[in-house]
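None of these values were measured; they are calculated from a predicted model. Both backbone and side-chain heavy atoms feed into the values below; hydrogens, waters and symmetry mates do not. Lettering follows sequence order; numbering is per chain, from 1.
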Amino acid sequence: MSSPDDDIPFFDDGEPSPATAPAAASGGSIAARALAASQSARAAAQPRPNYLSGLNPEQADAVESIEGPVLVLAGAGTGKTRVLTTRIAHILNLGLAYPSQILSVTFTNKAAREMKERVGVLVGGAVEGMPWLGTFHSIGVKLLRRHAELAGLRSDFTILDTDDVVRLCKQLIQAEGIDDKRWPARQFAQMIDGWKNKGLGPSEIPEGDSRGFANGKGRALYTAYQERLQTLNAVDFGDLLCLPIRLFRAHPDVLKEYQQKFRFILVDEYQDTNTAQYMWLRLLAQRPTGERPNICCVGDDDQSIYGWRGAEVENILRFEKDFPGAKVIRLERNYRSTEHILGAAGHLIAHNEGRLGKTLFTEQSDPDHERVQVHAAWDSEEEARAVGEEIEQAQHKGRKLNNMAILVRASFQMREFEERFVTLGLNYRVIGGPRFYERLEIRDAMAFFRVVSQPADDLAFERIINVPKRGLGEAAVRQVHDYARAKGIPMLAAARELVLTDELKARPRKSLTDVVEMFNRWQGMLENTPGHELAETILEESGYTEMWQNDRAADAPTRLENLKELVETISGFESLRAFLEHVSLVMDTDNNPDLDAVSIMTLHSAKGLEFETIFLPGWEEGLFPHQRALDEGGRSGLEEERRLAYVGLTRAKLYCHIWFVSNRRIHGLWQSTLPSRFLDELPEAHVEVAEIDTGYGGYGRGGRFGGGGQSGGPYGASRFDKAEPFSGNYNTPGWKRAQANKTDAARDNWGTRSGHAVERIAYGESGPRGSTIEGELVAKSTGTTSTYSVGDRVFHMKFGNGNIAAIDGNKLTIDFDKAGQKRVLDGFVSRV
DNA sequence: CAGCGCAAGGTTTTT
DNA sequence: CCTTGCGCTG
């Protein structure tokens with residue numbers, strides 16, 4: 001975010017003027033220019049730069065097709081990132097553009113970071129970072145900061161996150177006298193987000209949308225919301241896309257500058273773009289001279305899994321129409337998975353209609369490769385147990401836990417695995433969930449910082465005005481709020497004035513005076529105090545740190561730890577301001593790769609990752625495909641679910657084990673379930689039905705689509721429909737192996753394990769990173785009772801301290817000081 | 001303002 | 001069934 005490009009005026013930001021631009025003499029195709037350039041000094045020596053060697057023909061084509069629009073359909077594991085980064089390196093190497101003339105957008109910060117690194121490696125130190133390589137949002141911020149006044153903002157505007165937005169919506173809804181129970185702020189915030197994904201302002205939303213919320217007040221509320229943002233000098237995430245679009249449309253001269261500037265545009269994960277992002281790209285891609293745009297979009301329509309949050313697969317399907325004369329290059333040569341995994345995935349995805357069509361293949365076939373395994377289990381508990389066993393077996397064969405992942409459809413499925421792994425003492429890490437900066441203590445701390453650096457940030461001010469509790473209740477806050485509104489000034493300024501009057505009662509007045517003085521002092525330090533020092537001062541002087549030190553809740557130490565981590569992070573930045581700028585867009589905690597642990601995550605968060613072994617549990621109708629996707633999305637909903645299944649399968653390099661259960665507890669009630677239709681869509685040739693270990697037959701009796709009664713579905717009868725689904729199941733090698741391994745596993749339980757570690761990546765109520773829970777695991781697995789006794793004092797990560805009230809095997813009933821009586825497994829607690 | 005009790009809702013997630 | 005969030009009360 002702090003690139004050299006930032007400090008240089010817009011019209012001269014480190015790029016050559018047209019006259020001195022490399023090979024930029026007007027006229028002549030890019031190819032001709034490239035030729036000219038390649039004949040120039042540094043490229044002349046080698047006819048073919050070595051970064052090109054090692055690319056396969058399709059990849060090389062994608063890298064070298066520099067002129068005009070190009071769509072690279074990059075299947076899973078076909079070297080997409082390599083193509084993208086090499087293409088950038090190639091453009092730079094040919095001298096066709098300076099780094100600052102390449103616009104390269106990704107969706108996630110992670111992808112942007114990775115790309116920067118890899119380009120850096122390819123071109124060596126020659127490139128001082130690419131100023132316009134980033135996410136849509138971060139580039140949006142950059143544009144807006146430069147042209148803030150044209151968008152009706154000051155350049156130090158704040159970026160509100162979801163939490164702020166919801167609170168703001170709530171205020172507006174209540175101000176309108178609307179019942180916020182009947183019309184929840186969260187829902188309205190989502191609607192706004194949806195509109196912004198489509199690039200719609202308040203006057204452009206469909207009439208139906210407006211009428212559908214709060215008895216027709218949808219549009220009025222949206223208008224009020226935008227007005228409020230403006231007075232707050234704030235934007236939401238959607239604005240980071242929409243405001244640049246508006247700005248470009250209203251100021252063609254500005255647009256033209258950027259169109260000239262960006263000679264090359266690269267877009268990653270194009271299948272995930274929403275309408276606003278599409279419009280944004282369209283605007284920038286037009287060449288002022290009318291030439292064909294040099295835009296290269298890379299994506300995979302078969303991996304489009306974000307339709308529910310506004311992504312339009314149509315964008316990628318329509319590419320050739322949008323960009324006439326576009327060259328389409330397919331990358332189908334896969335370097336990740338075995339022929340069986342690719343065969344299974346390819347056959348499955350072929351059931352989708354809305355796709356451009358691609359078939360992945362590999363040149364590394366081997367008769368020894370294991371086919372995709374399908375396993376059945378009685379219920380989710382057995383499923384978790386069996387997967388645990390498989391993992392242990394694999395571990396005994398010398399495979400690393402780091403190379404294994406469990407990918408679930410819905411996060412509630414994770415729990416069962418976590419519980420099982422805790423009792424087994426198997427290290428695992430959960431990926432996804434609430435992020436670091438969404439944690440309460442981080443958000444509070446950030447609110448303090450925001451008010452200091454941006455005194456007009458009322459949302460932040462309101463958040464912390466009474467934190468820690470200083471007797472400024474609702475009445476006092478309301479008073480400040482109303483005063484601020486009446487005078488049209490920010491709340492902090494209002495507070496400053498208000499304490500000089502006698503409008504407040506004595507006690508709140510004193511408190512508020514203190515608050516105002518604190519902020520005055522901190523603001524005075526802002527310019528000449530290092531960020532982390534100031535942050536520490538703020539947290540100390542405000543009493544915030546102390547508040548948590550005095551809190552006896554189980555998670556208080558973790559929260560203090562997080563605050564410490566926050567301050568440490570800040571020390572890596574020039575100033576508190578620079579940090580705030582960074583954090584509003586980027587904030588991910590890194591994992592600890594040293595710990596060998598199984599990963600557990602949702603299918604969605606697995607996109608882009610790969611593991612040697614993949615477990616895919618929960619392939620049942622209603623869960624996967626998810627009932628709601630079917631109900632709300634119809635055919636396209638089903639197709640997106642199928643793409644999700646495809647993403648899951650193609651994560652695996654060598655082993656892929658799918659599971660389904662016959663009974664699953666949903667909302668507390670046991671439901672008997674049918675195997676997923678996706679199982680029927682897997683090709684026999686690449687699949688092996690591995691095991692059945694209950695006497696239960698008759699998985700499903702026809703009626704694939706929710707009890708239609710008719711056998712089979714649109715895709716024919718199911719192998720799993722038959723009462724005897726698994727022919728000769730007890731004699732298959734798989735079954736025998738499973739039995740043998742079970743014995744191994746049981747034997748190996750003795751003594752090998754000592755404790756285990758649980759890691760949560762960016763997950764809410766987490767312990768400190770890489771924390772270890774010592775469980776009495778050997779005792780547990782041999783069937784003896786827990787080593788604890790009634791009355792023991794123990795600590796639980798989530799519930800805090802408590803006394804053991806009763807013991808039942810490894811299950812402890814504990815009276816927690818705070819949380820009351822709970823039953824927990826002894827693996828979850830430790831002695832105090 | 002803290003603590004309790006009750007009601008509702010329980011797919012997927014980034015920025 | 002189990003968690004979370006809100007509202008009411010002492």
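- Using a 3.5 Å distance cut-off with no hydrogens or angles, the side chains of A:Q271 and A:E269 do pair a donor with an acceptor.
- Here B:dT15 presents its C1' atom at 11 Å from CG of A:D236, a figure rounded to the nearest Å.
- A:K510 is linked by a salt bridge (Lys or Arg N to Asp or Glu O under 4.0 Å) to A:D514, counting only residues two or more places apart in sequence or in another chain.
- Across the protein-nucleic acid pair, A:K469 atom NZ and B:dG3 atom P stand 11 Å apart, rounded to whole Å.
- Here the separation of C:dC6 from B:dT11, taken at their C1' atoms, is 24 Å to the nearest Å.
- A search for salt bridge (Lys or Arg N to Asp or Glu O under 4.0 Å) contacts involving A:D161 returns A:R443, not counting sequence neighbours.
- With sequence neighbours left out, the salt bridge (Lys or Arg N to Asp or Glu O under 4.0 Å) criterion links A:E610 to A:R336, A:K653.
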With the criterion being N/O to N/O and under 3.5 Å, what pairs connect the protein with nucleotides 7-13 of chain B, and how long is each?
residue	atom	partner	partner atom	Å
B:dT11	OP1	A:R628	NH1	3.1
B:dT11	O4'	A:H626	NE2	3.2
B:dT12	OP1	A:S411	N	2.7
B:dT12	OP1	A:S411	OG	2.3
B:dT12	O4'	A:R409	NH2	3.2
B:dT12	O2	A:W308	NE1	3.2
B:dT12	O2	A:R409	NH2	2.8
B:dT13	OP1	A:T602	OG1	2.6
B:dT13	O4'	A:R309	NH1	3.4
B:dT13	O2	A:R309	NH1	3.4

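- Residues forming a ring-ring contact (aromatic ring centres under 6.0 Å, His included) with A:F136 (at least two apart in sequence, or on another chain): A:F107, A:W280.
- As a whole-Å value, the separation of A:L241 CG from B:dT14 C1' is 11 Å.
- One can place CG of A:L669 at 8 Å from C1' of C:dC1, the figure rounded to the nearest angstrom.
- Across the protein-nucleic acid pair, A:D163 atom CG and B:dT14 atom P stand 16 Å apart, rounded to whole Å.
- By the side-chain contact (heavy atoms from CB on, under 4.5 Å) test, A:A276 pairs with A:L241, A:I245, A:N274, sequence neighbours left out.
- Aromatic rings from A:W308 and A:H626 are positioned such that their centres are separated by 6.0 Å or more.
- Nucleotides C:dC2 and B:dT13, compared at atom C1', are 24 Å apart to the nearest Å.
- With DNA chain B read from its 5' end, the first of the two nearest nucleotides for A:G238 and A:L472 is the one closest to A:L472.
- Taking the salt bridge (Lys or Arg N to Asp or Glu O under 4.0 Å) definition, one finds that A:R507 meets it with nothing, sequence neighbours left out.
- Between the C1' atom of B:dT15 and the CH2 atom of A:W280 lies a distance of 13 Å, rounded to the nearest Å.
- The CD1-P distance, from A:I159 to B:dT14, rounds to 17 Å in whole Å.
- Regarding contacts with the backbone of B:dT15, a side-chain N or O of A:N109 is found under 4.0 angstrom from either OP1 or OP2.
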Atom pairs, N/O to N/O, protein against nucleotides 5-10 of chain C, distance under 3.5 Å?
none

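- Taking atom P on both nucleotides, B:dT12 is separated from C:dG5 by 15 Å, rounded to a whole Å.
- Nearest-nucleotide mapping onto DNA chain B: of A:G471 and A:F107, the residue sitting toward the 5' end is A:G471.
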List the atom pairs, donor and acceptor, that lie under 3.5 Å between side-chain atoms in residues 185-195 of chain A and the rest of the protein, sequence neighbours left out.
residue	atom	partner	partner atom	Å
A:W195	NE1	A:D209	OD2	2.7

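- When the P atom of B:dT15 is taken as reference, atom NE2 of A:H137 falls 8 Å away, rounded to whole Å.
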